[in-house]
Every structure is written in C-alpha cells, then in structure tokens.
Amino acid sequence: MLVVIHCYLFIVIYSLLIIKMLDYIVVGFGLAGLSFSEQLQQNKKSFVVISEEEKSSSVVAGGMYNPVILKRFTSPWNAVSQLEFAMPFYTAIENRMNIEVNNPLPVLRVFNAIEEQNNWLIASDKPNLAPFLSVSFKKNENEFILAENDFGIVEKAGRLQVAKLLSAYKSDLQKSDSYLNGSFEHDALEIFDAYVSYKGIKAKKIVFCEGYGMKSNPYFNYLPLNGTKGEVLIIKSEKLKLDSVVKSGVFLIPLDEVDHYLVGATYHWTDKTWEATDEARLELVNKLDVLLKCDYQIVDQLAGIRPTVKDRRPLVGKHPEYNNLFVLNGLGTRGVMVAPIVSDQLFDFIENEKILDAEIDVERFSAEYKNVSK
Ligand SMILES: Cc1cc2nc3c(=O)[nH]c(=O)nc-3n(C[C@H](O)[C@H](O)[C@H](O)COP(=O)(O)OP(=O)(O)OC[C@H]3O[C@@H](n4cnc5c(N)ncnc54)[C@H](O)[C@@H]3O)c2cc1C
C-alpha cells in the first residue's frame, strides 16, 4: 500500500514539474543541498531537489560546531565568520519550521598533562581564539569520567541535530512538491544554452550537492575529492548523566534521547565503503574505555564518507564549459559551520555576479579539467 502511495505521489509531483520552467534543480540533499535550498527559498526561487537518502555523510555526522581545533588549540579556516553566519541561518530555519535542532553545548577538553593547560592559556590570548577558550578551567565532578586534570572549556560550541533538520526540511519541501526521492542519472541530463532538462523537468540551472557521490558525476568528477571515511557509535549509559560534550581521544556527545551519547569519530583515508566495520568499533571502544568508568551498551554504529578535498577547501562554482551547471561540495569535516556561508557565496555568484573567494572557487582546479578533457 505504502509503495502504491509513494508511486502515486511521485507521478503527481513529476507531472506538475514537467509543465513549468524552474529556476533550479538541486541534486543531493545533505547539508550542502539543504543550505542551498534555503538560499533559494529565501530568495523566492522555484526549484526541485532530487536526492537519494542512502550514502549521506550528513545523516551520520556528529553535528558538532566547534570553532577550535582541539588537538593543537588552533583556529580552523575562517571559523569566526562561518560561525557568525551559520548561527542565525539555522535559527531562521528553526523559527520558520517551528523545530528545535540547534543545541548550544560547551565542549570540555580533557587535559592529558599540565603542559596542555599552559598551551591552552597561551592560545586563549589569540584574538581568533579568545572568544572561545575560557581562561577558567573546570573541575571534573563526574565520577564516571576519567580525567585527572581540570577540563578546558570551549564556549559558543554546540550540536546541530542534522538528521532531524534534514527530515523536517524534506517534509516541508514535499508539501510544496519540491522534493523527488531517487537517484539522479547523469546520462539523462540534457544541457541547452538557456536551461537544462532532466527527464522532462526543465530548469535554468542545476546545482550538484552530492557529497562523496560526486565521484560518479561525469561533469565534476575531475575535482580532487578524496573522501575520508568516518564511523561513530551510539551508546546508552544510565549512570553518565552528561550535559556537556567531552573531548579526549574521542568526542562524547549527549544526544536528545535520554542517556544516549554519540561517540566519534574515526578517520580512514583508504576505505571508501559505506559499511560499518569491526575495526572502527574496536578503535572507538578502546578510546572510550580510557575515558569512561561505567558500563554502557552500544546501541548503533554508523559510517559515512566525508567529502574532503586535497587542499581542504570547499568546491564551489561553475562548470568550466557549461554555464548552467554548478557544484557545491567539499564541506570536509566541518559541514555544519561551512555549508551556510558557502551556499550564500554560491548564490551571490550565480545570481548577483559576485566574485567567489579564490580559495573555494573550483576554478583553482581548471588544470585538472584540461587534463581529463584532452
Ligand atoms: C562520522 C562522521 C562524523 C562527522 N561529524 C561532523 C561533525 O560533528 N560536525 C560537522 O560539521 N561535520 C561532521 N562531519 C562531516 C559532515 O558530515 C560533512 O561535512 C557534510 O555532511 C557533507 O554534506 P554534503 O551535503 O556535502 O554531503 P552528504 O551529506 O553526503 O549529502 C550528499 C547527498 O547527495 C545524495 N546523492 C549523491 N549522489 C546522488 C545522485 N546521483 N542522485 C541523487 N542523490 C545523490 C546522497 O545520497 C546524499 O544524500 C562528519 C562526517 C562523518 C562521516
């Protein structure tokens, strides 16, 4: 019955779409696709999203936004401006859709040695880190956390409930017949000077937001998307009662569901499969056992591939030959903070002829395109 309803809805939406010329087709609905869709909604553009649901890095993501690299106490690329843009961006969606998905949460960094505390204090003097690194440390009062020294506190960090946000946003798009669930077949795309056509759906422009799926996109797979596999565990522990994120060898992040925590993540550069592995589970359990002094149950294990790039910068811009094909990708390990601002930059580039920041513009890989198109 459900399948029949699904097919019927698909036919109705599809029939409505092929009649008119849309402004945009958006392919892929993770953080990149959602952020660009939000730009389109805010600017009253007509569009349809086409996305499959599997193989999504966003659904697996811990959803942390954290403006400090906690290994070396340095600032990630453009973190301050990304955060300043991202917070009101997500709040606007929360308000419009009447949902709560952004949970500000301090991050408690476990210090392994007094020397690390000193390094923290030195870092907290730097202008780009001062707003985030608290100069007062916090005593460990949780008997189930193993931490001999005090914690350093990162302020203005938090967690975006990405899966919940995507699901709510998708339902909203479905209400206006703007979401098609399924795989985009690149062979079926026809490109004309003034528009593109996909199985009868016509749009002035198409934006590919496919994450690691871009590897199968013949128009943009010349770009050096490496991909870094990551896995997380979901655990349940009744004793722990944490209301902050704790970072030692892993992040331990309290989830919405009572007594549930996300533990992650791993980094694997050669395995490009989407399946969870025993190896990652063992790595996470070993790191967790150094941090926790209480029992826990593993409830789930999730795996995804982060769309990481050779030069660690997003992939944003226009196809070298086709003026109506665009890409929004390469969000790397920090999609929550990066996606809103780069989607805004892409929109301004397309619609308002604003020049893209050279660091994110795919133009920087034009030599790679020339090599493959020879
Ligand atoms: C384990 C793990 C933990 C992470 N933790 C964090 C974190 O705490 N904070 C943070 O900011 N980031 C985190 N990340 C990184 C974050 O997930 C990414 O930066 C971000 O989600 C990438 O979003 P995206 O939209 O570009 O790609 P994706 O989320 O992968 O979305 C791409 C979508 O396009 C669809 N698609 C692809 N090809 C096609 C096609 N041909 N037809 C139709 N649909 C297609 C896919 O199915 C998918 O739904 C983590 C990643 C992993 C794997």
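Counting begins at 1 with the first residue of the sequence. First listed ligand is number 1; within each ligand, the first listed atom is number 1. Heavy atoms only: backbone and side chains are in, while hydrogens, waters and symmetry mates are out.
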Worked verdict on Gln161 versus Ile99 for side chain to side chain contact (heavy atoms under 4.5 Å, CB included) = CA-CA 11 Å; Gln161 296 183 49; Ile99 51 169; over 6 Å; no

Among all protein heavy atoms, pick out the one at the shortest distance from [atom]; state its residue, atom name and that distance to 0.1 Å.
| atom | answer |
| --- | --- |
| atom 45 (C) of ligand 1 | Glu52 CG, 3.7 Å |
| atom 48 (C) of ligand 1 | Lys55 O, 3.7 Å |
| atom 33 (C) of ligand 1 | Phe29 N, 3.7 Å |
| atom 52 (C) of ligand 1 | Arg306 CG, 3.7 Å |
| atom 28 (P) of ligand 1 | Ser57 N, 3.6 Å |
| atom 41 (N) of ligand 1 | Phe184 O, 3.3 Å |
| atom 12 (N) of ligand 1 | Thr333 O, 3.1 Å |
| atom 37 (C) of ligand 1 | Glu210 O, 3.3 Å |

Quiz question: by atom type and distance under 3.5 Å, do the side chains of [X] and [Y] form a donor-acceptor pair?
| X | Y | result |
| --- | --- | --- |
| Tyr296 | Asp259 | no |
| His268 | Glu283 | no |
| Glu94 | Asn102 | no |
| Gln117 | Asp150 | no |
| Tyr65 | Gln82 | no |

Who gets closest to [atom] by heavy atom: [options]?
| atom | options | answer |
| --- | --- | --- |
| atom 35 (C) of ligand 1 | Gly33, Gly213, Ser51 | Ser51 |
| atom 19 (O) of ligand 1 | Ser343, Gly30, Gly332, Ala303 | Gly332 |
| atom 23 (O) of ligand 1 | Gly330, Ser58, Gly211 | Ser58 |

Using a strict cut-off of 4.0 Å, indicate which atoms of ligand 1 neighbour a heavy atom of [X].
| X | value |
| --- | --- |
| Glu54 | 46 (C), 47 (O) |
| Gly304 | 53 (C) |
| Val336 | 10 (C), 11 (O) |
| Ala61 | 3 (C), 4 (C), 5 (N), 6 (C), 13 (C), 14 (N), 17 (O), 50 (C) |
| Ser183 | 42 (N), 43 (C) |
| Val232 | 1 (C) |
| Gly182 | 43 (C) |
| Leu331 | 19 (O), 23 (O), 26 (O) |

Please classify the [X] to ligand 1 contact at 4.0 Å (heavy-atom distances, strictly less than): side chain, backbone, both or neither.
| X | result |
| --- | --- |
| Leu328 | neither |
| His186 | side chain |
| Ala339 | neither |

query = Step by step, would you call Lys229 with Thr266 a side-chain hydrogen bond (donor to acceptor under 3.5 Å, both in side chains)?
reply = CA-CA 8 Å; Lys229 182 168 178 176; Thr266 60; over 6 Å; no

Would you say [X]'s side chain and [Y]'s backbone share a donor-acceptor pair under 3.5 angstrom?
| X | Y | answer |
| --- | --- | --- |
| Tyr90 | Val336 | yes |
| Asn140 | Leu146 | no |
| Ser244 | Val107 | no |

request  = Kindly say whether the aromatic ring centers of Phe184 and Phe208 come within a distance under 6.0 Å.
outcome  =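 Yes, close enough.
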
query = How about Tyr24 and Phe36: are their ring centroids closer than 6.0 Å?
reply =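 They qualify: ring centres under 6.0 Å apart.
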
Going by distance only, is there an N or O of [X] that falls short of 3.5 Å from an N or O of ligand 1?
| X | answer |
| --- | --- |
| Gly28 | no |
| Met64 | yes |
| Val59 | no |
| Val27 | no |
| Gly335 | yes |
| Val60 | no |
| Gly63 | yes |

message = Quick check on Ser216 - does any of its heavy atoms sit under 4.0 Å from an atom of ligand 1?
response =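 No, Ser216 has no heavy atoms under 4.0 Å from ligand 1.
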
From CG (Asn329) to CG (Leu315), nearest 0.5 Å =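 One gets 5.5 Å once the value is rounded to the nearest 0.5 Å.
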
ask   = Which pair of non-hydrogen atoms, one from Leu356 and one from Val316, has the smallest distance, and what is that distance?
value =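 In this case the closest contact between Leu356 and Val316 is CD1-O, 3.6 Å.
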
ask   = Does Arg313 pair with Asp357 as a salt bridge, N-O distance under 4.0 Å?
value =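 Judged by the 4.0 Å cut-off on N to carboxylate O distance, Arg313 and Asp357 do not form a salt bridge.
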
Option passing side chain to side chain contact (heavy atoms under 4.5 Å, CB included) with Leu31 (candidates Leu166, Leu160, Val338) =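 The side chain to side chain contact (heavy atoms under 4.5 Å, CB included) with Leu31 is passed solely by Leu160 among Leu166, Leu160, Val338.
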
message = For Glu351, run the salt bridge (Lys or Arg N to Asp or Glu O under 4.0 Å) check against Lys45, Lys44, Lys204 and tell me which one passes.
response =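 With Glu351 as partner, Lys45, Lys44, Lys204 yield a single salt bridge (Lys or Arg N to Asp or Glu O under 4.0 Å), made by Lys45.
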
